[in-house]
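Both backbone and side-chain heavy atoms feed into the values below; hydrogens, waters and symmetry mates do not. Owing to the predicted nature of the structure, the values given are computational and were not obtained by experimental measurement.
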Amino acid sequence: MIYPDVPFTREPRTDWGIHGVLEDRGLSKGRLAIEMGRNTWLGIPLNDFTLLREQVPQAEFVDSSEIVWGCRMIKSEWEVACLEHVCVIGQKAWYAVLEEVQVGMTPREVQQRILQRYLEFGADIDSGPPMAMGASGPNGTFQKGDILYLDGGPAFQGYQMDITRRAVFGTPSERQRHEHEEMWDIMFEVIDRMKPGASMAELFEFSSKRMAQVKGWRDYADHPAKRIGHGIGLESEPPSMSAVDETLLAEGMVLTPEPKLESVDGLVNPEEQVAVTATGCRLLSDDTGGQLIVIA
C-alpha cells in the first residue's frame, strides 16, 4: 500500500472506523491510553476524536505520554548508532562549507550550501537547514567581526543532529575568544557529570552556579523553567535540562546539553550530542566545538 485509506468526505466529522475495532476486541468499555501529551500526535482532527468519544461513551481515555516517553527516551544500540552517524554527516557538511564562507555572504547562502552537502554526504532528503545567524552587514551579509552561529543539523533514518558551532570573520576579539572558550569549558564540565542517576535538575543547578562565578556574565537560564539541554532522537525530545525536571539519567539516553550566555554577539550556547552509558557518557559529536573557527 502506497497511501493509507483515509476517509475523505464532506461531513464535518469523519468516522475512521476505530469504534468498530474497539467493539470487535471487547475494548469499547475499557481504559484506553492514547497520545495526548507534549510532543505527541493524535493523528486525527479533534472533531473526529470527539465523534469517537461519543461512539464509545463508556470508554475511558487516558494520556499514554508517560509510557511512550519512557520508551522513547531510552535508545536502542541501533538508534544510538544513527544519532552518532548523523553527527558525522552534519559536521562533515558544516566544516566543508565553513571553508568556503566569505565576508559578504548571507546566512541563506550558507544554509543553501550546507543543504547541498547534507545530500552529498547521505543525510535524509527532507533534512532542513541549520539555524544560521550573526550577520550584521548591509542586506543581511556577514562582515568582519561577525560571528556565524550554526545550530541544528540534518537527519539520518529520521534521527536528528542538534549541535552548535561558531565561526568568526577575521581575528576574534579577546572578549569573543574568552566567551567561546569559557562556555565550552562549562559545557564539558556539565557533560562530565552526566551519568546514570544524575538528575536533569542537578545538571541545571551546576551550570547556573558555574556561570555565576564569571563576573559580568548574563545567564540565559534566569528562570527555573528555562532549559539548557534536552533529549534528542526523532526530534527535540524530553527530558529537559531545567530546574523543574527531576528525570534521572539512564543508560541509553541521548541528550544535547547547551548552557547559554547572553552576549553582545547573541547567544553563546555550546551544544554537543551525548549518549549516556552504563558508567558515564560519551560524545556522539566530535569535540572540536571548543575551538572558535576563524574565517580569514
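The backbone N or O of Met131 sits nowhere less than 3.5 Å from a side-chain atom of Asp151 that would complete a donor-acceptor pair. Proximity of a side-chain donor or acceptor of Ser65 to a complementary backbone N or O of Gly37 within less than 3.5 Å is detected. Side chain of Glu99 to backbone of Ala96: no donor-acceptor contact under 3.5 angstrom is found. Between the side chain of Asp286 and the backbone N or O of Thr288, at least one donor-acceptor pair lies under 3.5 Å. Checking side-chain atoms of Glu109 against main-chain N and O of Thr141 turns up no donor-acceptor pair under 3.5 Å. In this structure, the side chain of Arg193 engages the main chain of Glu189 through a donor-acceptor pair within 3.5 Å. No donor-acceptor pair under 3.5 Å is formed between the side chain of Ser207 and the backbone N or O of Phe204. In this structure, the side chain of Asp146 engages the main chain of Gln143 through a donor-acceptor pair within 3.5 Å. Judged purely by atom type and a 3.5 angstrom limit, Ser127 uses its side chain to pair as donor or acceptor with the backbone of Ala155. Looking only at distances, a side-chain donor or acceptor of Glu79 sits under 3.5 Å from a matching main-chain atom of Ser76.
One finds a salt bridge joining Glu272 and Arg165 here, because a Lys/Arg side-chain nitrogen approaches an Asp/Glu carboxylate oxygen to under 4.0 Å. Note on Arg177 versus Glu179: no salt bridge recorded, every NZ/NE/NH1/NH2 to OD/OE distance being 4.0 Å or above.
Checking Tyr149 against Asn269 by side-chain atom types alone, a donor-acceptor pair falls below 3.5 Å. A donor and an acceptor atom, one from each side chain of Glu66 and Ser64, are nowhere located under 3.5 Å apart. Defined by atom type and a distance below 3.5 Å, a donor-acceptor pair is missing between the side-chain atoms of Trp78 and Tyr159. With 3.5 Å as the limit, one finds a donor-acceptor pair spanning the side chains of Ser263 and Arg175. Judged by distance alone, the side chains of His230 and Ser240 never bring a donor and an acceptor atom under 3.5 Å apart. Counted by atom type alone, Glu271 and Thr256 present one or more donor-acceptor pairs between their side chains at under 3.5 Å.
Residues Glu100 and Arg113 have side chains in contact (heavy-atom distance under 4.5 Å, counting atoms from C-beta outward). Counting only heavy atoms from C-beta outward, the side chains of Ile295 and Phe169 approach each other to under 4.5 Å. With a 4.5 Å cut-off on side-chain heavy atoms, Leu32 and Leu22 count as touching. Using a 4.5 Å heavy-atom threshold, the side chains of Val86 and Gln273 count as touching. Inter-residue side-chain proximity for Met183 and Met211 is flagged as met; some heavy-atom pair is nearer than 4.5 Å. Side-chain contact between Tyr118 and Phe156 is absent, with no heavy-atom pair separated by less than 4.5 Å.
Across all non-hydrogen atoms, the minimal contact from Leu255 to Ile232 is N-CG2, 4.3 Å. Contact between Ser242 and Pro224 at its shortest, heavy atoms only, is CB-O, 3.5 Å. Across every non-hydrogen atom of Ala93 and Arg117, the tightest pair is CB-CB, 3.6 Å. The two residues Val268 and His180 have their closest heavy-atom pair at CG1-CA, 4.3 Å. When all heavy atoms are compared, the tightest approach of Gln111 to Pro130 is NE2-O, 2.7 Å.
Around atom CD of Glu54, more than 12 heavy atoms belonging to other residues, nucleotides or ligands sit under 6.0 Å away. For Ile74, the CD1 atom sits in a packed shell: over 12 heavy atoms of surrounding residues, nucleotides or ligands are nearer than 6.0 Å. The environment of Lys29 atom NZ is sparse: at most 12 non-hydrogen atoms of other residues, nucleotides or ligands sit within 6.0 angstrom. Annotation: Gln213, atom CD; neighbour count of heavy atoms from other residues, nucleotides and ligands within 6.0 Å is above 12.
Cation-pi geometry between Lys92 and Phe121 is satisfied (NZ or CZ under 6.0 Å from the ring centre, within 45° of the ring normal).
Two different hydrophobic clusters hold Leu83 and Val276 under the rule that ILVMFWY side chains link at heavy-atom gaps under 4.5 Å. Residues Val274 and Leu203 share a single hydrophobic cluster, defined by chaining ILVMFWY side chains whose heavy atoms lie under 4.5 Å apart. Cluster membership check: Ile228 does not share its hydrophobic cluster with Leu261, using side-chain heavy-atom separations under 4.5 Å among Ile, Leu, Val, Met, Phe, Trp and Tyr. Leu292 is not connected to Phe142 by any chain of hydrophobic side-chain contacts under 4.5 Å among Ile, Leu, Val, Met, Phe, Trp and Tyr, and they are in different clusters.
Centroid-to-centroid, the aromatic rings of Phe49 and Trp16 stay 6.0 Å apart or farther.
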